[in-house]
Amino acid sequence: MLYDRIDARILEIVQKNNRLTSEVIGEMAGLSATACQRRLKRLRSEGIIEADVSIVSPKAVGRPIQMLVSVSLERERSDIIDRFKKAIKSSAEVVNGFYVTGDADFVLYVTAHTMEDYEQFTRRFFYENPNIKGFKTMVIVDRVKVGFAIPIEAPSGD
């Protein structure tokens with residue numbers, strides 16, 4: 001996955017606002033709209049741009065309860081890890097899931113309508129899974145920074 005200085009500029013632009021037209025992005029990056037479209041298509045097909053998304057306010061859609069949950073598994077076997085990854089991907093309540101090093105095996109970002117809903121989720125998702133050793137919940141008081149923007153550096157020697 002190689003990208004050049006112009007691609008780096010395009011990536012910076014679309015991370016801030018992916019609703020801009022190819023004409024506007026191209027103008028900001030010093031390209032024609034057609035050249036910009038070609039580069040965007042390549043960046044997407046090569047997986048450099050993984051998705052084009054909108055960040056939705058959990059409170060605005062009735063899911064004001066937000067938690068970070070650290071999860072420890074009983075055993076670190078590949079089949080158990082794979083099954084838990086699959087459960088994470090299929091759960092609507094789990095917004096983000098990370099397989100991590102350190103004290104926990106996974107860290108999850110979970111939203112819920114109410115604390116009662118979260119309790120029902122924990123019963124279903126954690127307590128009914130015999131491979132879960134334990135989990136710790138941290139309730140989010142305030143989302144200080146939200147986004148997915150990655151710092152982009154132009155390749156050296158370009």
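Residues: numbered from 1 along the sequence shown.
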Considering only heavy atoms from C-beta outward, does the side chain of [X] approach that of [Y] to under 4.5 Å?
X    : Y    : value
I55  : F148 : yes
V71  : V107 : no
V14  : L40  : yes
E74  : I132 : no
D7   : R42  : yes
S70  : F98  : no
M115 : I65  : yes
L68  : I140 : yes

In one Ile/Leu/Val/Met/Phe/Trp/Tyr side-chain cluster, 4.5 Å: [X], [Y]:
X    : Y    : result
F121 : M138 : no
V24  : L31  : yes
I13  : L11  : yes
Y3   : I6   : yes
V95  : L108 : no

To the nearest 0.5 Å, what is the distance between [atom1] on [X] and [atom2] on [Y]?
X   : Y    : atom1 : atom2 : value
C36 : M28  : SG    : CE    : 10.5 Å
Q37 : T21  : CD    : OG1   : 9.0 Å
T34 : E23  : OG1   : CD    : 8.0 Å
N17 : L20  : CG    : CG    : 4.0 Å
R39 : I48  : CZ    : CD1   : 11.0 Å
L73 : N131 : CG    : CG    : 7.0 Å

Taking [X] for the side chain and [Y] for the main chain, is one N or O donor matched with an acceptor at less than 3.5 Å?
X    : Y    : value
D142 : V144 : no
S91  : I88  : no
H113 : G62  : yes

*Should the ring pair F84 and F125 be called parallel, tilted or perpendicular, given that the plane angle runs from 0 to 90° and is split at 30 and 60?*
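Rings of F84 and F125: tilted, as their planes differ by 30° to 60°.
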*In sequence, state the C-alpha distance, the side-chain angles, and the governing distance for F106 and K85, and then conclude on side chain to side chain contact (heavy atoms under 4.5 Å, CB included).*
CA-CA 9 Å; F106 288 87; K85 285 180 178 180; 3.9 Å; yes
_Regarding E119 and R123, does a basic nitrogen lie under 4.0 Å from an acidic carboxylate oxygen?_
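Looking at R123 together with E119, the answer is yes, because their closest N to O distance falls below 4.0 Å.
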*Run the salt-bridge test on R44 and D52 with the 4.0 Å N-O cut-off and return the result as yes or no.*
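Looking at D52 together with R44, the answer is yes, because their closest N to O distance falls below 4.0 Å.
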What closest approach, in Å, do [X] and [Y] show between heavy atoms, and which atom pair accounts for it?
X    : Y    : value
A35  : S32  : N-OG, 3.1 Å
R143 : S57  : NH2-CA, 4.2 Å
A8   : A154 : CB-CA, 3.9 Å
P58  : Q66  : CG-OE1, 3.6 Å

*Can you check salt bridge (Lys or Arg N to Asp or Glu O under 4.0 Å) on K133 and D105, steps first, answer last?*
CA-CA 10 Å; K133 181 177 8 181; D105 297 308; over 6 Å; no
*CG of D103: more than 12 outside heavy atoms within 6.0 angstrom?*
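Atom CG in D103 is not crowded, with 12 or fewer foreign heavy atoms closer than 6.0 Å.
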*Would one find more than 12 heavy atoms of other residues, nucleotides or ligands at under 6.0 Å from atom CD of E27?*
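No.
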*Are Y127 and F135 close enough that their ring centres sit under 6.0 Å apart?*
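Close enough - the centres of the two rings lie under 6.0 Å apart.
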*asked:* We want to know whether Y118 and T137 form a side-chain donor-acceptor pair, criterion being a heavy-atom distance below 3.5 angstrom.
replied: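 Judged by distance alone, the side chains do pair up.
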*Could you check D79 against R83 for salt bridge (Lys or Arg N to Asp or Glu O under 4.0 Å), going step by step and ending with a plain yes or no?*
CA-CA 6 Å; D79 60 324; R83 271 199 307 275; 3.7 Å; yes
*Test salt bridge (Lys or Arg N to Asp or Glu O under 4.0 Å) applied to E93 and R124, step by step*: CA-CA 12 Å; E93 294 90 347; R124 187 178 68 252; 2.8 Å; yes
_side chain to side chain contact (heavy atoms under 4.5 Å, CB included) between I152 and Q15, intermediate numbers included_ = CA-CA 10 Å; I152 306 293; Q15 284 191 111; 3.4 Å; yes
